[in-house]
Amino acid sequence: MEKKKKISAIESLYEWIETFLVALAAVVIIFTFFVKFVTVSGDSMRETFHNGDRLIISSIGYTPKTGDVVVVDVSGINHGSEGPYIKRVIATGGQEVRINPYTWEVFVDGKLLDEPYVEEMRKKYEAAGRPYMSVPTFPEGYICKVPEGHVFFMGDNRNGSSDSRVLGTVEEKYIIGKVLLRLIPDFGVVE
């Protein structure tokens, strides 16, 4: 009887070890090939994200769309910049971006973008009597035709963001992934 209990305990231990190793292997595979963790550094996406927020991103089957929040590796693009950057896709290949320097409105292919994610920052800047968005000084505003296979991206905190207004458009191959979830501080899906 004592011997059976000993064998049963050893078998149970082996089962627990096997379960743990299978779970560990699954986690390693998932986070190596399917999703990645990133930590927000800086204020370019403030009020959407804050410094230190932890996010999950994925690039599996991803095609950029206007409004997506993405992580971009800009280190190979601009040698003075360190990546990755977390930004919002404003336009994709073949589209034209226009930014009105007086009203700070962003137009893509002549249509005004609905950008509820910038309203909080816009209100703060307007209350302080400062312009919400800096753009190059052109009488007609900022204009950019996005080449095929590229994206035009901007931070939601438009005055605190190095983005396509400075770096230019970025090839899609530099997009590390789309932000899917915020883990910390408030768990939730990112839209």
Legend entry - Check: K65 and T92 side chains under 4.5 Å, non-hydrogen atoms: no
Legend entry - Gap between atom NZ of K173 and atom CG of D73 - 0.5 Å precision: 11.0 Å
Legend entry - Which residues share a side-chain contact (heavy atoms from CB on, under 4.5 Å) with S41, sequence neighbours left out: N51
Legend entry - Validation row: L113, T66 side chains within 4.5 angstrom (heavy atoms): yes
Legend entry - Side-chain touch L55/I86, heavy atoms, less than 4.5 angstrom: yes
Legend entry - Other ILVMFWY residues reachable from L112 by side-chain steps of under 4.5 Å: F107
Legend entry - Shortest non-hydrogen separation from P64 to I175 and the atoms involved: CG-CD1, 3.7 Å
Inset, instruction - Could you please spell out the steps behind the salt bridge (Lys or Arg N to Asp or Glu O under 4.0 Å) verdict for D68 and R88? - result: CA-CA 6 Å; D68 288 350; R88 190 174 300 274; over 6 Å; no
Inset, instruction - Examine the side chains of Y85 and D163 and answer whether a donor and an acceptor come within less than 3.5 Å of each other. - result: no
Legend entry - S58: side chain to side chain donor-acceptor pair (under 3.5 Å) partners, not counting sequence neighbours: none
Inset, instruction - Could you please spell out the steps behind the side chain to side chain contact (heavy atoms under 4.5 Å, CB included) verdict for K36 and I176? - result: CA-CA 9 Å; K36 294 179 174 44; I176 298 170; 4.3 Å; yes
Legend entry - Exercise: identify the closest heavy-atom pair between G177 and S59: CA-CB, 4.0 Å
Inset, instruction - Mind jotting down which residue pairs meet the salt bridge (Lys or Arg N to Asp or Glu O under 4.0 Å) criterion with at least one end in residues 48-58? Sequence neighbours excluded, please. - result: D53-R182
Legend entry - Distance, nearest 0.5 Å, that separates CG of D109 from CZ of R98: 10.5 Å
Legend entry - Heavy-atom donor-acceptor pair, S164 side chain to F153 backbone, under 3.5 Å: yes
Scan the side chains in residues 143-152 for donor-acceptor partners under 3.5 Å anywhere in the protein, sequence neighbours excluded, and list what turns up.
residue : atom : partner : partner atom : Å
K145    : NZ   : G94     : O            : 3.0
H150    : ND1  : E148    : O            : 3.2

Inset, instruction - Using salt bridge (Lys or Arg N to Asp or Glu O under 4.0 Å) as the criterion, list what pairs up with E115, not counting sequence neighbours. - result: R158
Inset, instruction - Quick one: pull up CD1 in I56 and CG in L180 and give me the separation to the nearest 0.5 Å. - result: 7.5 Å
Inset, instruction - Mind checking the CZ-CD1 spacing from R165 to I99? Nearest 0.5 Å is all I need. - result: 6.0 Å
Legend entry - Nearest non-hydrogen partners of V71 and I57, listed with the distance: CG2-CG2, 3.7 Å
